[in-house]
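Single-structure report; data block below.
Chain naming here is simple, since letters A, B, ... match the order of the sequence lines and numbering starts at 1 in each. Excluded from the calculations below are hydrogen atoms, water molecules and symmetry mates; all remaining heavy atoms, backbone and side chain alike, are included.
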There are 4 protein chains.
Amino acid sequence: MFSKFLNLDKEKQQRVLNAALKEFARKGYDDASTIEIVKEAGISKGLLFHYFNTKKDLFLFLYDYSMKIIKTEYFDMINTKDKDIFVRLRQVYLLKIELIHEYPWLFQFSAVAASTDSKDVKKELESRKLEMESMGFAKMFENIDESKFKKGIDVEKAKNIIFWAIGGYTNKVIEEVKASELEEPDYDKVLEEFDAYLDILKVWAYN
Amino acid sequence: MFSKFLNLDKEKQQRVLNAALKEFARKGYDDASTIEIVKEAGISKGLLFHYFNTKKDLFLFLYDYSMKIIKTEYFDMINTKDKDIFVRLRQVYLLKIELIHEYPWLFQFSAVAASTDSKDVKKELESRKLEMESMGFAKMFENIDESKFKKGIDVEKAKNIIFWAIGGYTNKVIEEVKASELEEPDYDKVLEEFDAYLDILKVWAYN
Amino acid sequence: MFSKFLNLDKEKQQRVLNAALKEFARKGYDDASTIEIVKEAGISKGLLFHYFNTKKDLFLFLYDYSMKIIKTEYFDMINTKDKDIFVRLRQVYLLKIELIHEYPWLFQFSAVAASTDSKDVKKELESRKLEMESMGFAKMFENIDESKFKKGIDVEKAKNIIFWAIGGYTNKVIEEVKASELEEPDYDKVLEEFDAYLDILKVWAYN
Amino acid sequence: MFSKFLNLDKEKQQRVLNAALKEFARKGYDDASTIEIVKEAGISKGLLFHYFNTKKDLFLFLYDYSMKIIKTEYFDMINTKDKDIFVRLRQVYLLKIELIHEYPWLFQFSAVAASTDSKDVKKELESRKLEMESMGFAKMFENIDESKFKKGIDVEKAKNIIFWAIGGYTNKVIEEVKASELEEPDYDKVLEEFDAYLDILKVWAYN
DNA sequence: TATGAATGAGAGTTCATTCAT
DNA sequence: TATGAATGAACTCTCATTCAT
């Protein structure tokens, strides 16, 4: 199907993939411009369609590509031997930062793809949505030692609060990066702050 | 500037405003269609441009209009005499539900506007972003009795966690409404669950 | 459906119709250029699509329009009281010339439409093909006095020969007009020659 | 000019020629796709252009090639010793069927080429149109014994009628083949019917 | 004020043709 | 000679915006 593209040398593939992920991540499906993608990738308009046939196919290719990476290089890498939820979350966070380094637009693209309502791709997306979010959520909280939690509290809700709190912090970092037009945050500082939040949650949630 | 529009009878103004808020909220700036707006509003295409000159001006008018409502009818209505953060949050939540009833697309529009990156409006939006979020955050946590919090914990971070947890729950509700294609959730059930989350956070955060 | 177009003043309608009939008649469906049509019609690119939505819809509109004219102003006008086949054919021929005067590209368009294989319109065409040709053939030869024909000859085949001979002459005239780049032939000369052919066929076919 | 192509082994030449004739015959000049040709011929895109430079040159090469075959293997093969027009026509008909067997797309291609109006090739076609039709017509009716015709009738016109009648029958057969999606008609049946038409014409035209 | 026909730049896509290998 | 990736002009179609009425 996409063999023409996949036979390219890796460097050119990366250029095209990153350009496309970036454009879709920033503008969403409908507003993303194929012209911007080819400009950024340094290829001609015709060539993009030589590889991917349509904008829609390109998007779905990127979706599958992203999901594959997120599954194999993120979810599957979560070590469920750490049973303490905060040790686990820290581990996952470090994994994510690593991945963002390698694929700067991957998570933003997948977030945009997950929430798009564009009628062109909605149907196809629904049919393949493996619920990355829920899959990630499940893996993140798999085999957790719940005995450490304060008694008398709904553990599912407790997990949700922890999940949302961490997601909130992550979004804050992303917003700050966007606003300051940095390409990358200072990950040491971020991790330090992240740990501070984990510490609070630990004190709160555990006995 | 928009005097032509503002001189209309209120009923017609509302029709146009709601139609436009709805379209932008659903599709984002670039993908919103002026023809859909005029159809829904029951006016002609020419008239919309007679009132607002350009799509961009319409959008920015809506943004300012939304911010004004959110400020005057939401943030300013927060009663800071309730010093307990969880009493406060519950109060704010009820206020928001009330406002959603009156302006169904207001908060979704403001969320879309806040996160749009469309180059047409990005610059103007930045220059006027009064940081609704931070403004809301500030008001929501203004004059809070911090003595109730567990000692030895960074209060600002604690507030953030609570804020994000609540935001997370809100988004979950919105996603569920979207997925079930309901126009409105069952607010009683939602409030009950909301309270359950507040209770957990209370146990956690307070002594 | 095509109300926007049908509400135009007749002169503009004619300009657009003739431009489109001409372009499709000359180049066939696939190769016809909407740009050429709008140039010839003196309207803008957008306007053609404002009227007809797609090239396909335009083509099918033209098809239905042409079939209607050919039916009501050609086939239905054939006077079947003339039972002599040669009187009938002469009558039909005069009718056709008249119609060509009014709608110069009508018959060429309908011939092109009948023989097009373009996958875009093939299906729709098939579903509505009222078999103009066979319908015309039927009407042309309806209520003919067959007693005048030479005995012992298959009358159906005889009719076919006459039909093809006349068709052949007609095509010859069309080719000559094309080659000389005249817009219209000298109809008096053509009719004279046509009569000469009819006379021969009469001597041949009748006793 | 086309020496690169002509130096190929005959089998490959034939593959390319037949693929190209078929594609042009089916779709006309403008709508014919070079990629379809190379796929059918089993060569690469670059190679086609290496041989023929442009689509136009390929088309004109095919035209000249076709005309040459039609001249040498069709018109020149007409045996003018048969002076009876109907014997002659039958002979020509059999010749044509034979040739169609050998070059399935030859006549359809030449018909399409003769009637194309595509501006790319129109001019060149006109300048070399040796009037295949008229050439064939001339040869077909060369050295015919006109004494057998009914007296008092314009012999040229009589010949035309016979020519058109036969052409009409031929087109009918082609249409029927197309409609039934057969690759080839039942030639025995066709010949039988063809003879029936010749018989009628014979009775009519001769004393 | 109010309409919607009219405009044209720009979108995604196709395809003959070129060119590095 | 042979390949097919790469190009870019041209296609159909969309849509914010203008303008005659």
Plane angle bin for C/Phe59 and C/Tyr29 - parallel if under 30°, tilted between 30 and 60°, otherwise perpendicular: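 Ring orientation of C/Tyr29 relative to C/Phe59: perpendicular.
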Evaluate the ring planes of A/Tyr103 and A/Tyr65, with Trp represented by its six-membered ring, and classify them as parallel (under 30°), tilted (30 to 60°) or perpendicular (over 60°). perpendicular
Under a 3.5 Å cutoff on both atom distances, Watson-Crick or G-U, what's the dot-bracket for DNA chain F ([ ] crossing, | other strand)? .||||||||||||||||||||
Any side-chain heavy atom of [X] sitting closer than 4.5 Å to one from [Y]?
X: D/Lys12; Y: D/Leu47; value: yes
X: D/Thr116; Y: D/Tyr63; value: no
X: D/Leu62; Y: D/Phe24; value: yes

Using whole Å, what does the distance between atom [atom2] of nucleotide [N] and atom [atom1] of [X] come to?
X: D/Glu36; N: F/dG4; atom1: CD; atom2: C1'; answer: 16 Å
X: B/His50; N: F/dA16; atom1: NE2; atom2: P; answer: 20 Å
X: B/Ile35; N: F/dT18; atom1: CD1; atom2: P; answer: 16 Å
X: D/Ile37; N: E/dA16; atom1: CD1; atom2: C1'; answer: 11 Å
X: A/Leu58; N: E/dT13; atom1: CG; atom2: C1'; answer: 13 Å
X: B/Phe52; N: E/dA2; atom1: CZ; atom2: C1'; answer: 15 Å
X: A/Asp9; N: F/dA5; atom1: CG; atom2: P; answer: 13 Å
X: B/Leu47; N: E/dA5; atom1: CG; atom2: C1'; answer: 16 Å

Looking at E/dT13, does its base get a donor-acceptor pair with the side chain of A/Lys45 below 3.5 Å?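 Checked by distance alone, the answer is yes.
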Spell out yes or no: do the side chain of A/Lys56 and the base of E/dG12 have one donor N/O and one acceptor N/O closer than 3.5 Å? no
5' precedence on DNA chain F between A/Ser44 and D/Ile43 (nearest-nucleotide basis):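 Checking each residue's closest nucleotide, the 5'-ward one belongs to D/Ile43.
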In terms of the nearest nucleotide of DNA chain F, which residue is placed more toward the 5' end: B/Asp30 or B/Gly46?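 It is B/Asp30, whose closest nucleotide lies nearer the 5' terminus.
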Counting the atoms with a prime plus P, OP1 and OP2 as sugar-phosphate, which does A/Asn7 contact under 4.0 Å by heavy atoms, base, sugar-phosphate, or nothing? nothing
Please classify the nucleic acid contact of D/Tyr51 as base, sugar-phosphate, or nothing, using heavy-atom distances under 4.0 Å. sugar-phosphate
Aromatic ring centroids of C/Phe5 and C/Phe61 under 6.0 Å? yes
Regarding A/Lys39 and A/Glu36, does a basic nitrogen lie under 4.0 Å from an acidic carboxylate oxygen? yes
Any B/Lys27 side-chain N or O less than 4.0 Å from OP1/OP2 of F/dC15: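 Negative; the distance criterion is not met.
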By nearest nucleotide on DNA chain E, pick out whichever of D/Ser33 and A/Phe49 is the more 5' one.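 So the residue in question is A/Phe49.
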Mapping D/Thr34 and B/Leu8 to their closest nucleotides on DNA chain E, which lands nearer the 5' end? B/Leu8
By nearest atom, which of the nucleotides E/dA2, F/dT7, F/dC13 is closest to the C/Thr54 side chain?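 Between E/dA2, F/dT7, F/dC13, the one nearest the side chain of C/Thr54 would be F/dC13.
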How would you list, by chain and number, every residue that makes a salt bridge (Lys or Arg N to Asp or Glu O under 4.0 Å) with B/Lys4, sequence neighbours excluded? none
